[in-house]
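First listed ligand is number 1; within each ligand, the first listed atom is number 1.
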Amino acid sequence: MTKKIRKAVFPVGGLGTRFLPATKAMPKEMLPVVDKPLIHYAMEEARAAGVEHFIFVTSRGKGALEDHFDRHFELEETLSRRGKTAELEALLGWQPAMGEVSYVRQPEALGLGHAVLCAKHLVGDEPFAVILPDDLVLAEKPCLAQMVDAHAGVGGNLVAVMDVPREHTQRYGVLTPGKAEGALTEVKGLVEKPKPEVAPSTLSVIGRYILESAIFGHLETQERGAGGEIQLTDAMAKMIGEVPFHGFTFDGTRFDCGDKVGFLQANVAFALARPDIGPKLAPFLAETAAKL
Ligand code: UTP
C-alpha cells in the first residue's frame, strides 16, 4: 500500500530573472494567466489531487502570495454590501481553511533543491508532492491528480516528464530511460541541464514531482551542481536504485510561464479553453493570425 499524498510543497523563492522588469517588485508566481495568478492554479491542482496541506517556500518580496491566500475583510464586506453574492461566494470558496497553509522562508536563492529542503520540518516522514507554479499544465484531468493515481500503483519517486526538442535539453533535468510501460518509464539515470550532444535522451522533467521523504537526507549533503545551485535533480539521482523511480508522461499541454513566450502562449490557450472568454477572443486571434 502506498501512502496518500497529503502535502504539497510550492517552491516560490526564485528571483524570476527571465521575467524582468515585471518580476522586480512582484513575485513571478503572482503573474495572472487570464484572471488567476499562477500560484492559484498550482493550489487548485494540488487540491484536486487530494492534497490537504499546502507548504510555500517563499523569500523576501513574496508577501503578495501570503496576502492572496489570506482573508480580505474589507473586500468581503464591500462585495456583501454591494450585493455581489456570486463574487463573494467564489472568493470564500477557494480560500484555504485555517491551518491548511504553511509558509517557510528560503533565506537565499540557492536553488530548487535547497528550496525543497527548507520544507523538511513541515513535510516530516511521508511522501509529498512538489509543484513548480511557473509550469502550468492545461489538461482535462489535472496533472498532479494523474500522477497521484499512477503513484498509487508504483510508489517511490515519480516525476512528470515530456519529450523536448534536443536543442532544449540544457533547460531541464533529463532521464536515462529504462523499461517503459504505458505512461511510466523507469528512471535509470538523471542529469541536470545536459548539453544536447551528451543528453542521454530528450525525456525531460517538468515541474511536478512526487517524492519519498528520504530525498531530504540527500539534499542535506548535496553539493552545489549546475549553475552553482543545490539541484533537486542531483539529489533525486542518488535515489535511483534505492526506491522505485519512474517518469510519468502526463496527458496535457505544459507551458513554461517563467518564460515570456511560454507565458503568452499559456494566456492564449487558457483563455481559448474558457467558455466565457474563448468565443470572444477567438475572432481577434483569427484576424491577427491572418495578417501575419
Ligand atoms: P527557475 O529555474 O525558474 O528560477 O526556478 P527562478 O529564479 O524562479 O527564475 P529565473 O530562471 O531567474 O527567471 C524553478 C522554480 O524553483 C523555485 C522558483 O521559484 C521556481 O518555482 N526556486 C528556484 C526557489 O524556490 N528557490 C531557488 O533558489 C531557485
Side-chain angles (χ1 to χ4, degrees), residues 8-33 37-46 54-66 68-69 101-120 122-123 128-137 143-144 159-162 164 168-174 191-194 204-209 211 215-216 219-220 222-236 254-266:
V9 174
F10 304 87
V12 289
L15 293 171
T17 56
R18 282 173 295 153
F19 225 121
L20 285 166
T23 48
K24 179 162 181 273
M26 184 179 74
K28 165 169 81 171
E29 300 79 12
M30 286 303 291
L31 289 170
V33 168
L38 288 169
I39 194 67
H40 193 122
Y41 287 95
M43 160 81 103
E44 283 181 341
E45 186 176 330
F54 309 89
I55 301 165
F56 295 89
V57 183
T58 69
S59 60
R60 90 195 331 265
K62 301 273 181 171
L65 290 163
E66 297 187 22
H68 185 72
F69 291 116
V101 181
S102 300
Y103 298 94
V104 60
R105 197 104 160 181
Q106 184 187 22
E108 230 183 312
L110 291 179
L112 176 59
H114 181 256
V116 171
L117 180 58
C118 291
K120 178 185 172 198
L122 291 166
V123 171
F128 64 102
V130 177
I131 295 187
L132 306 191
D134 43 357
D135 264 346
L136 197 53
V137 181
C143 183
L144 189 65
V159 292
V161 293
M162 61 183 262
V164 303
H168 292 173
T169 54
Q170 235 168 325
R171 302 178 189 172
Y172 300 90
V174 177
V191 54
E192 183 65 18
K193 299 188 171 55
S204 304
V205 180
I206 64 129
R208 301 287 183 278
Y209 313 75
L211 300 171
I215 190 81
F216 294 120
L219 284 170
E220 274 166 338
Q222 186 59 54
E223 311 224 313
R224 293 185 189 209
E229 297 190 329
I230 297 177
Q231 296 290 351
L232 184 62
T233 303
D234 296 341
M236 288 193 303
R254 171 261 188 181
F255 299 92
D256 177 6
C257 293
D259 169 77
K260 290 173 192 176
V261 174
F263 173 76
L264 291 169
Q265 289 171 339

Candidate with minimal heavy-atom separation from [atom], of [options]:
{"atom": "atom 20 (C) of ligand 1", "options": "T17, D134, I131", "answer": "D134"}
{"atom": "atom 23 (C) of ligand 1", "options": "G113, A115, G207, G14", "answer": "G14"}
{"atom": "atom 3 (O) of ligand 1", "options": "E229, Q106, R18", "answer": "R18"}

Heavy atoms only, cut-off 4.0 Å: how does [X] contact ligand 1, side chain, backbone, both, or neither?
{"X": "V12", "value": "backbone"}
{"X": "T23", "value": "neither"}
{"X": "H114", "value": "neither"}

I'd like to know whether NZ of K260 has more than 12 heavy-atom contacts from other residues, nucleotides or ligands below 6.0 angstrom.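 Yes.
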
Within a 6.0 Å radius of atom NZ on K120, are there more than 12 heavy atoms belonging to other residues, nucleotides or ligands?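 At most 12 heavy atoms, drawn from other residues, nucleotides or ligands, come within 6.0 Å of this atom.
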
Residue [X] vicinity, atoms of ligand 1 by number, heavy atom under 4.0 Å:
{"X": "A109", "result": "28 (O)"}
{"X": "L110", "result": "28 (O)"}
{"X": "L112", "result": "16 (O), 29 (C)"}
{"X": "E29", "result": "19 (O)"}

Can you report which non-hydrogen protein atom sits closest to [atom], along with the distance?
{"atom": "atom 28 (O) of ligand 1", "answer": "G111 N, 2.8 Å"}
{"atom": "atom 14 (C) of ligand 1", "answer": "L132 CD1, 4.1 Å"}
{"atom": "atom 25 (O) of ligand 1", "answer": "G13 N, 2.8 Å"}
{"atom": "atom 21 (O) of ligand 1", "answer": "P11 O, 2.8 Å"}
{"atom": "atom 4 (O) of ligand 1", "answer": "K28 NZ, 4.1 Å"}
{"atom": "atom 7 (O) of ligand 1", "answer": "L15 N, 2.9 Å"}

Using modelled atom types and a 3.5 Å cut-off, is there a donor and acceptor pairing between side-chain atoms of [X] and backbone atoms of [Y]?
{"X": "Y209", "Y": "L232", "result": "no"}
{"X": "R208", "Y": "D135", "result": "yes"}
{"X": "T169", "Y": "P194", "result": "yes"}
{"X": "K28", "Y": "C257", "result": "no"}

Taking salt bridge (Lys or Arg N to Asp or Glu O under 4.0 Å) as the test, write out the residues that go with R224, two or more places apart.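 None.
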
Indicate, with yes or no, if the rings of F54 and F69 have centres closer together than 6.0 Å. no

State which residues pass ring-ring contact (aromatic ring centres under 6.0 Å, His included) with F128; sequence neighbours excluded, sorted by chain then number.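 Counting only residues at least two positions away or on another chain, F128 forms a ring-ring contact (aromatic ring centres under 6.0 Å, His included) with F216.
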
Geometric class of the H40/H68 ring pair [parallel <30°, tilted 30-60°, perpendicular >60°]: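 Taking H40 first and then H68, their aromatic rings stand perpendicular (interplane angle over 60°).
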
